[in-house]
Amino acid sequence: MGRGYIVDDTVESYLSKLCEQRGCPVSGLLIGQSSAQRDFIIMATQTPQREESTAASRICLDKEWVTEHARQVSRMLPGGLSVLGVFIIDDGDAKDTLMTLQQLVFAVENLISSEYLWAPTDDDITDRITLHINPKTRKTVCRTLDIKDQKSLAKPADWKYQSGVCSSWCTVSCCLNVDMLVPLPDNRTSSVSLIEHLKEGLKLWAHQIETGDCLISGQKLPADNELTAGQKRNVAQTFTAQLLVTPDERLTNEMQSCGGSMSVRGAIHSTAYIHNNKPKAKLAEKLLKRDVLSTVATRVQMLLEELLISEEESRGSGKKETEQLCLPCRVYCPVKVSRPVKVCDYRFSDEGLSEVTDRLKEMLDIDVAEEDLDTTQETPAEFREGDVAAEPAVETVDELKPKRNNFVGIVMATAVALLASAASMLYLSDV
């Protein structure tokens, strides 16, 4: 018997509807949570079609398109949820399709993990799933691959449907005050080098989060303590957490030459969902901290992508030495109204809720009304007098004048990227 997968029955209904579609093969992602004993699949979403594609001529299994979809979806998943595998609905031979699925699984994992600010740990589950469904016979072939080994062989897996898989999962949430200064390189001749440099700067801040203490319901629980001990079984529990962060001396004492800096500050709301199979406190802490890292990195990355696009459209225009920039707010969307689990999206200040619902439909194939979105956890940042003036002066040199492909928003000096103001904020600042 291979690894077991407990799959929500809504996934069965979703895949059955896709089987009824005619035309090219349908590919998509399987979303859920891994545990030591078994994995849980709570969602599936098909790969959206390219705008220029047609039913007759589109490339049905475009690896680049599938992996980019997976990257976007991964950004929309709170702590505890991740892309666990890939499915294909096709009437071809399962053995012939297996090679394609294997290539997709490794490509998806490589792209998603490239955005992580954390290193994998020994207790991380490295099995990923491939699912092939014949739309005519409805025969399902489920196999797993070890993503640590590019040469790993596919192993059979057990795929079982069940109702209400995540209905009693635990929710752990916190609000955290973020205040960090990320140095920018002297030479920013390409957008890629800037993004990589910012990522390295964020990793220093990430180290503070990973090494900080986590209090759950006001207590520092032993790592192996069962999170739901003493609580009612099969009832969704909600816990409030606090992160105690100690400043990293490398961020405050180290002097280095740089061409500018980005200050990221404000408050964020973070959430993690944990399965109800005797979850441990250390798992809740790990998933919550990873969500903190992921949500901040995602927003910074999104802002850079927007500004790099704007640069191409307005190349040559002058820019102030100091820029105030608002990072997008987090908006939550219920996977199903009766469940505690939610996915999320990020909304810039100039976007409406209709754009959020459009993205949820395109990326996750979720139909949701605007009134069902949860916008209460974070509120848009507001600029205040002195936000930029309080920043330390940054010396500029002639060599740092804007060049082709330079990041215009932070060309020569300081950028202040403001996060959201969290509602009902419960955080402990640096101690």
Using a strict cut-off of less than 4.0 Å between a Lys/Arg side-chain nitrogen and an Asp/Glu carboxylate oxygen, indicate whether [X] and [Y] qualify as a salt bridge.
X: Arg347; Y: Glu370; answer: no
X: Glu20; Y: Lys17; answer: no
X: Lys220; Y: Glu285; answer: yes

What's the spacing between [X] [atom1] and [Y] [atom2] if we round to 0.5 Å?
X: Gln49; Y: Asp62; atom1: CD; atom2: CG; answer: 12.5 Å
X: Asp372; Y: Ile366; atom1: CG; atom2: CD1; answer: 11.5 Å
X: Leu30; Y: Thr130; atom1: CG; atom2: OG1; answer: 9.5 Å
X: Leu145; Y: Phe106; atom1: CG; atom2: CZ; answer: 5.0 Å
X: Thr97; Y: Ile133; atom1: OG1; atom2: CD1; answer: 11.5 Å

If every non-hydrogen atom of [X] is compared with every non-hydrogen atom of [Y], which pair is closest and at what distance?
X: Arg290; Y: Pro120; value: NH2-CA, 4.4 Å
X: Ala107; Y: Thr67; value: CB-CG2, 3.4 Å
X: Met363; Y: Thr45; value: O-OG1, 3.1 Å
X: Ile89; Y: Leu15; value: CD1-O, 3.9 Å
X: Leu84; Y: Gly32; value: CD1-C, 3.6 Å
X: Ala284; Y: Val172; value: CB-CG2, 4.2 Å

Would you say [X]'s side chain and [Y]'s backbone share a donor-acceptor pair under 3.5 angstrom?
X: Thr47; Y: Ser27; result: yes
X: Glu355; Y: Gly352; result: yes
X: Arg330; Y: Glu378; result: no
X: His132; Y: Leu98; result: no
X: Arg299; Y: Pro328; result: yes
X: Lys289; Y: Glu210; result: yes
X: Gln33; Y: Gly80; result: yes
X: Trp65; Y: Pro48; result: yes
X: Asp365; Y: Gln46; result: no
X: Ser74; Y: Ala70; result: no

request  = With side-chain hydrogen bond (donor to acceptor under 3.5 Å, both in side chains) as the test, would you mind laying out the steps for Thr126 and Asp146 before giving the verdict?
outcome  = CA-CA 6 Å; Thr126 58; Asp146 186 352; 2.8 Å; yes
message = Under the criterion side chain to side chain contact (heavy atoms under 4.5 Å, CB included), I'd like the reasoning laid out for Val296 against Met180: C-alpha separation, chi angles, the key distance, then a yes or no.
response = CA-CA 11 Å; Val296 171; Met180 61 177 160; 3.6 Å; yes
request  = For the pair Asn277 and Ser35, evaluate side-chain hydrogen bond (donor to acceptor under 3.5 Å, both in side chains) and give the outcome as yes or no after the intermediate values.
outcome  = CA-CA 9 Å; Asn277 186 27; Ser35 72; 4.8 Å; no
message = Can you tell me how the ring of Tyr161 sits relative to the ring of Trp159, calling it parallel under 30°, perpendicular over 60° and tilted otherwise?
response =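 If you compare the ring of Tyr161 with that of Trp159, the planes turn out perpendicular.
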inquiry  = Test salt bridge (Lys or Arg N to Asp or Glu O under 4.0 Å) on Arg359 and Glu362; report intermediate values, then the result.
reply    = CA-CA 5 Å; Arg359 282 193 295 269; Glu362 181 183 15; over 6 Å; no
request  = Identify the residue among Asp122, Asp291, Asp123 that makes a salt bridge (Lys or Arg N to Asp or Glu O under 4.0 Å) with Lys286.
outcome  =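 Only one option passes, and that is Asp123.
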request  = Tell me yes or no: between the side chains of Tyr332 and Thr376, is some donor less than 3.5 Å from an acceptor?
outcome  =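 No pair is found: no donor N or O on one side chain lies under 3.5 Å from an acceptor on the other.
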